Undergrad: 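Following this message is one structure expressed as structure tokens.
One-based numbering along the sequence shown. One-based numbering, in listed order, for ligands and for the atoms of each. Since this is a predicted model, take the numbers as computed values, not measurements.
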Amino acid sequence: MNLSYVSTRGAMEPAGFSEILLAGLAPDGGLVVPRDYPQIDPAALESWRALDYRGLAFEVLSRYATDIEPGELRALIDRTYTAQAFGSDEITPVIELEPGLHLLRLSNGPTLAFKDVAMQLLGNLFEYVLAREGRELNVLGATSGDTGSAAEYALRGKRNVRVFMLSPDGRMSPFQRAQMYSLLDPNIFNIAIDGVFDDCQDLVKAVSADFAFKTRYSIGSVNSINWARVAAQVVYYFKAYFAVTTDHQGTVSFSVPSGNFGDVLAGHIARMMGLPIARLVVATNENDVLDEFFRTGSYRVRGLGETFETSSPSMDISKASNFERFIYDLLERDPDRLASLWLHLERDGAFDLAGSAEFAALERFGMVSGTSRHADRIATIRNTRARYGIVVDTHTADGLHVAQRYREPGVPMVCLETAQPVKFAAAIREALGVEPPRPEAVAGLEERAQRFTRMPADLRLLKRFVAERCVAR
Ligand SMILES: *Cc1c(COP(=O)(O)O)cnc(C)c1O
């Protein structure tokens, strides 16, 4: 049976997985969601317990990618989730910190952050669908670090794909810069813009607003609203559930360091599919838009001046781009109400569900939240090493900190490790007075040859650069 996808705002013709894979927003400005969540009953769930990561990924993803032939999908999954790419056949190992408290390690992929888990699959899915349809894709993006490198490592060397990634010249850490600029693959173009991250993002937006150029050069993106990325992240919630339970009697809670709400949304979807999740803890840093909503019912997008640069920078957001998908479910999947709420949001920069029946019923989704600040994460990094002998990064520390408040007897709490500490060395030095441990794979990274192009923040130069390297349609 084919699963079709619709827009949260209701004005999109139902489409299949392969069609929505390469698209960004729905044509009506909404986000693409499956018409129904596939349901996994307790018997089916137990039958998955013995599966390895690849087997589990196939069970979950074949329910979403229903228009990819199962044998092909299985081959794509087997090629993606290898011990070579993710450090072990477990792909996302779970370790016990103490009874009832666990760490789900998601950052053993090529860029040492959890985004690899979904992005590595996306790279293979893109290549497969583009070849099948005889198309090309030129990914244009802006990055201040994590997302850009995960996209580049996923798309390097892929056929019919090029990546043009803009980053602010001289404003990333030497480690981040080396991670991206040391990729020498001919289909990867790193462009160091003379400016800040917002200049990079403005350039990308300006190119995307030029519909003729975008079509002529098959320009696309790989941002966090991509449905396939969310679906790929659902898998590890199942994996962790099996790792910390022995039968289907109990429930499990998860604590998720959150920015754009992609990771925790995947947990919500796992729960909607029938995974027995008690609580989903949304952990934010000082940029607490999401915590404010879950506490008060008011969702208020932050302005530039209100968006803070923190020591967990991958969560420094002014609005949460995947949030619309959760609100759609909260509003019992009523696209008209969702659309009018978002109209309100675009006009006033805020909406308020306080006092509504839906917000009162929030508890049925198990979502709770909390904020972790710089001092909290530094203290958590120290305590975690002192108690368990493990060094965690700043984002993971935010999740561990907020999790403490929501632990319950008899319900294991699984905290998601979203990056390796080596990526955020300054905070580790501040907390522990030592350099973070450096995985073998990135030994000597900063000394490797680098390839990138410097460019002023000039739209015409950027368009010419892209056009000269692409085939026009
Ligand atoms: C992207 C990222 C996050 C936030 O994930 P969302 O899906 O945007 O909520 C947290 N930690 C790290 C290390 C990240 O790279």
Undergrad: Taking L265's backbone N and O only, do any of them form a donor-acceptor pair with N322's side chain (distance below 3.5 Å, no angle check)?
TA: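 It does not hold such a pair.
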Undergrad: Give the numbers and elements of all ligand 1 atoms closer than 4.0 Å to a heavy atom of F261.
TA: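 Reading through ligand 1 atom by atom, the close ones are 6 (P), 8 (O), 9 (O).
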Undergrad: Hey, are the side chains of K319 and L345 touching, using non-hydrogen atoms and a 4.5 Å cut-off?
TA: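 Sidechains of L345 and K319: no contact.
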Undergrad: Considering the heavy atoms of N260, write down every atom of ligand 1 situated less than 4.0 Å from one of them.
TA: 6 (P), 8 (O), 9 (O)
Undergrad: Exactly one of F326, F359, F261, F351 should register a ring-ring contact (aromatic ring centres under 6.0 Å, His included) with Y299. Which one does?
TA: F351
Undergrad: Ignoring angles and geometry beyond distance, decide whether A419 reaches within less than 3.5 Å of ligand 1 through its nitrogen or oxygen atoms.
TA: no
Undergrad: How far is atom 3 (C) of ligand 1 from the closest protein heavy atom, and which atom is that?
TA: F114 CE2, 3.6 Å
Undergrad: Quick one, L432 and R382 - any side-chain contact, counting heavy atoms below 4.5 Å?
TA: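 Heavy-atom side-chain distance check passes, below 4.5 Å.
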Undergrad: If the cut-off is 4.0 Å to any non-hydrogen atom of G259, which atoms of ligand 1 fall inside it?
TA: 4 (C), 6 (P), 8 (O), 9 (O)
Undergrad: Can you list the atoms of ligand 1 that are under 4.0 Å from a heavy atom of S258?
TA: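 Near S258, the atoms of ligand 1 are 9 (O).
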Undergrad: For atom 12 (C) of ligand 1, what is the closest protein heavy atom, and at what distance to 0.1 Å?
TA: T418 OG1, 3.5 Å
Undergrad: Which heavy atom of Y406 sits nearest a heavy atom of V402, and at what distance?
TA: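 Reported closest heavy-atom pair: CD1-O, 3.6 Å.
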Undergrad: Any atoms of ligand 1 less than 4.0 Å from a non-hydrogen atom of G262? List them with their elements.
TA: 6 (P), 7 (O), 9 (O)
Undergrad: With nothing but distance in play, are any N or O atoms of K115 less than 3.5 Å from an N or O of ligand 1?
TA: yes
Undergrad: Picking from F242, F58, F238, what satisfies ring-ring contact (aromatic ring centres under 6.0 Å, His included) with W48?
TA: F238
Undergrad: Look at atom 7 (O) of ligand 1 and say which protein heavy atom is nearest, naming residue and atom and giving the distance to 0.1 Å.
TA: D263 N, 2.9 Å
Undergrad: Could you check if a side-chain atom of F323 sits within less than 4.5 angstrom of a side-chain atom of S258, using non-hydrogen atoms only?
TA: no
Undergrad: List the steps, then state whether ring-ring contact (aromatic ring centres under 6.0 Å, His included) holds for F86 with Y53.
TA: CA-CA 11 Å; F86 288 93; Y53 193 93; 7.6 Å; no
Undergrad: For atom 10 (C) of ligand 1, which of the options S224, A118, P257, S312 provides the nearest non-hydrogen atom?
TA: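 Comparing heavy atoms across S224, A118, P257, S312, the nearest one to atom 10 (C) of ligand 1 lies in P257.
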